[in-house]
Amino acid sequence: MTTEVLEQQTEKDLSLRVSNLNVYYGESHILRNVDMNIEKGKMVCLIGRNGVGKTTLLKTIMGLLSPRRGNIYYKDSLLNPQSTDKRVRMGIGYVPQGREIIPRLTVEENLLLGFEALPKGRNGKENIPEEIFELFPVLKSMLSRRGGDLSGGQQQQLSIARALVGKPQLLLLDEPTEGIQPSIILEIEAAVKQIIRETGISVLLVEQHLHFVRQADKYYAMQKGGIVASGDTANLSSEIIQQFLAV
Ligand SMILES: Nc1ncnc2c1ncn2[C@@H]1O[C@H](COP(=O)(O)OP(=O)(O)OP(=O)(O)O)[C@@H](O)[C@H]1O
Ligand SMILES: [Mg+2]
């Protein structure tokens, strides 16, 4: 079998492929030669200390920042020329760091915004799928509350739920447990695992919470904008944990 055939086969199993990505803020070189593969149906975790470039990578995947060099492929297509909106409609869901729900809108209105991610937007009067409330029951009892009145953990659940309304095939989660109480962390973890199990989507998780990191299939460790270690989370050593997680 030629290498080319092998490559094609691997390509088919990939949800996302990032190749030699270099991103700058002005003249500051932030991401350096980043390579990353995310297989379909897998959860990949990106770890690294504060300020190393994790959010910058997610923003670049979403098209909120443009790489100076390097390519991003989603399934078979090159994403670089696509707008952020297009990437969302192609099936990439994004839950940004700090949640970014709309505080003045109700929980229901926030969730309805998720329909914008569907290729045709919201046709008529679609309802929020019941599965969303099975994952996050607390949201159902709070539909008419304003987003800003929810606790941090509930806002995070709302932010994830809003992304799921758009039926993503790849979900990017940027530190979903930051500043959240432990019981809600476990609920979010369980929900993410359930989503992967039931829908087969792929997840790229940026996370500091070790228990959650361990739920991922693979990890990538970032330092000064470069990937310096990667592998199966089953083999995550205490050295790696100490070096790259703020535990
Ligand atoms: N808008 C910006 N303009 C200039 N520099 C920025 C900007 N945003 C981030 N940076 C810098 O880019 C680097 C990477 O930031 P980034 O937010 O990607 O890190 P991070 O790994 O997500 O950190 P954290 O764990 O704190 O969320 C940091 O040095 C940061 O100061
Ligand atoms: Mg960040």
Side-chain angles (χ1 to χ4, degrees), residues 4-21 23 31 33-48 53-67 70-97 114 117-119 131 135 159-176 188-189 191-207 212-222 227 229-234:
E4 203 172 290
V5 173
L6 268 175
E7 265 177 15
Q8 279 172 3
Q9 280 190 334
T10 347
E11 201 81 356
K12 243 181 37 196
D13 300 330
L14 288 181
S15 174
L16 190 85
R17 181 157 78 86
V18 169
S19 164
N20 193 36
L21 204 67
V23 177
L31 295 186
N33 308 324
V34 171
D35 291 325
M36 177 180 280
N37 288 334
I38 302 178
E39 286 172 51
K40 288 183 183 162
K42 300 286 184 193
M43 169 153 55
V44 168
C45 188
L46 174 63
I47 57 177
K54 305 179 299 294
T55 297
T56 303
L57 176 59
L58 267 53
K59 285 185 173 170
T60 310
I61 294 170
M62 290 315 298
L64 298 165
L65 294 169
S66 301
N71 289 325
I72 306 168
Y73 300 89
Y74 171 61
K75 298 183 194 162
D76 291 331
S77 357
L78 179 67
L79 277 188
N80 299 44
Q82 308 295 355
S83 67
T84 299
D85 268 9
K86 180 72 199 278
R87 293 179 204 209
V88 171
R89 282 165 200 260
M90 285 168 87
I92 309 182
Y94 179 42
V95 179
Q97 189 166 12
L118 293 176
E131 298 94 277
L135 281 168
S159 183
I160 298 171
R162 183 179 56 187
L164 292 175
V165 167
K167 298 197 185 306
Q169 287 163 283
L170 168 65
L171 183 61
L172 311 181
L173 296 168
D174 198 347
E175 302 215 31
I188 291 175
E189 238 184 73
V192 170
K193 285 175 68 180
Q194 191 179 338
I195 297 159
I196 295 174
R197 201 170 53 239
E198 290 177 359
T199 64
I201 69 170
S202 323
V203 171
L204 173 55
L205 170 73
V206 173
E207 187 51 56
F212 202 171
V213 171
R214 287 201 188 282
Q215 312 303 311
D217 300 290
K218 299 224 166 194
Y219 74 91
Y220 284 84
M222 185 175 265
I227 300 296
S230 63
D232 292 344
T233 45

Which atom of [X] lies closest to which atom of [Y], heavy atoms considered:
{"X": "Val95", "Y": "Ser159", "result": "CG1-OG, 3.2 Å"}
{"X": "Pro67", "Y": "Thr60", "result": "CD-CG2, 3.9 Å"}
{"X": "Tyr220", "Y": "Asp35", "result": "CE2-O, 3.7 Å"}
{"X": "Cys45", "Y": "Ala216", "result": "CB-CB, 3.7 Å"}
{"X": "Met222", "Y": "Lys54", "result": "SD-N, 3.8 Å"}
{"X": "Leu46", "Y": "Leu57", "result": "CD2-CD2, 3.9 Å"}

Check: Checking side chain to side chain contact (heavy atoms under 4.5 Å, CB included) for the pair Ile188/Phe212: CA distance, chi angles, key distance, verdict?
Finding: CA-CA 9 Å; Ile188 291 175; Phe212 202 171; 4.3 Å; yes

I'd like to know if the side chain of [X] reaches the main chain of [Y], judged simply by a donor and an acceptor atom lying under 3.5 Å from each other, with no hydrogens or angles considered.
{"X": "Tyr74", "Y": "Arg87", "result": "no"}
{"X": "Asn71", "Y": "Asn20", "result": "no"}
{"X": "Thr233", "Y": "Asp217", "result": "yes"}
{"X": "Ser202", "Y": "Gly41", "result": "yes"}

Checklist line | Derivation of the side chain to side chain contact (heavy atoms under 4.5 Å, CB included) call for Met62 and Val88 | finding: CA-CA 8 Å; Met62 290 315 298; Val88 171; 3.7 Å; yes

Gap separating the [atom1] atom of [X] from the [atom2] atom of [Y], nearest 0.5 angstrom:
{"X": "Arg89", "Y": "Lys86", "atom1": "CZ", "atom2": "NZ", "value": "10.0 Å"}
{"X": "Lys42", "Y": "Asn37", "atom1": "NZ", "atom2": "CG", "value": "13.5 Å"}
{"X": "Leu64", "Y": "Ser83", "atom1": "CG", "atom2": "OG", "value": "10.5 Å"}
{"X": "Leu164", "Y": "Thr199", "atom1": "CG", "atom2": "OG1", "value": "8.0 Å"}
{"X": "Met43", "Y": "Glu189", "atom1": "CE", "atom2": "CD", "value": "7.5 Å"}
{"X": "Leu65", "Y": "Thr84", "atom1": "CG", "atom2": "OG1", "value": "9.0 Å"}

Check: What do the steps show when you test Ile47 against Val213 for side chain to side chain contact (heavy atoms under 4.5 Å, CB included), and what is the final call?
Finding: CA-CA 8 Å; Ile47 57 177; Val213 171; 4.0 Å; yes

Next item on the list: Taking side chain to side chain donor-acceptor pair (under 3.5 Å) as the test, write out the residues that go with Asp85, two or more places apart.
Entry: none

Next item on the list: For Thr55, enumerate each residue passing the side chain to side chain donor-acceptor pair (under 3.5 Å) test, keeping only those at least two apart in sequence or located in another chain.
Entry: Gln97, Asp174

Item checked: Ile160 and Leu135, any side-chain heavy atoms less than 4.5 Å apart -> no

Check: Is any side-chain heavy atom of Leu205 closer than 4.5 Å to a side-chain heavy atom of Gln215?
Finding: no

Notebook entry, point to check: What residues, two or more places apart in sequence or in another chain, satisfy salt bridge (charged side-chain N to carboxylate O under 4.0 Å, His left out) together with Lys218?
Noted result: Asp232

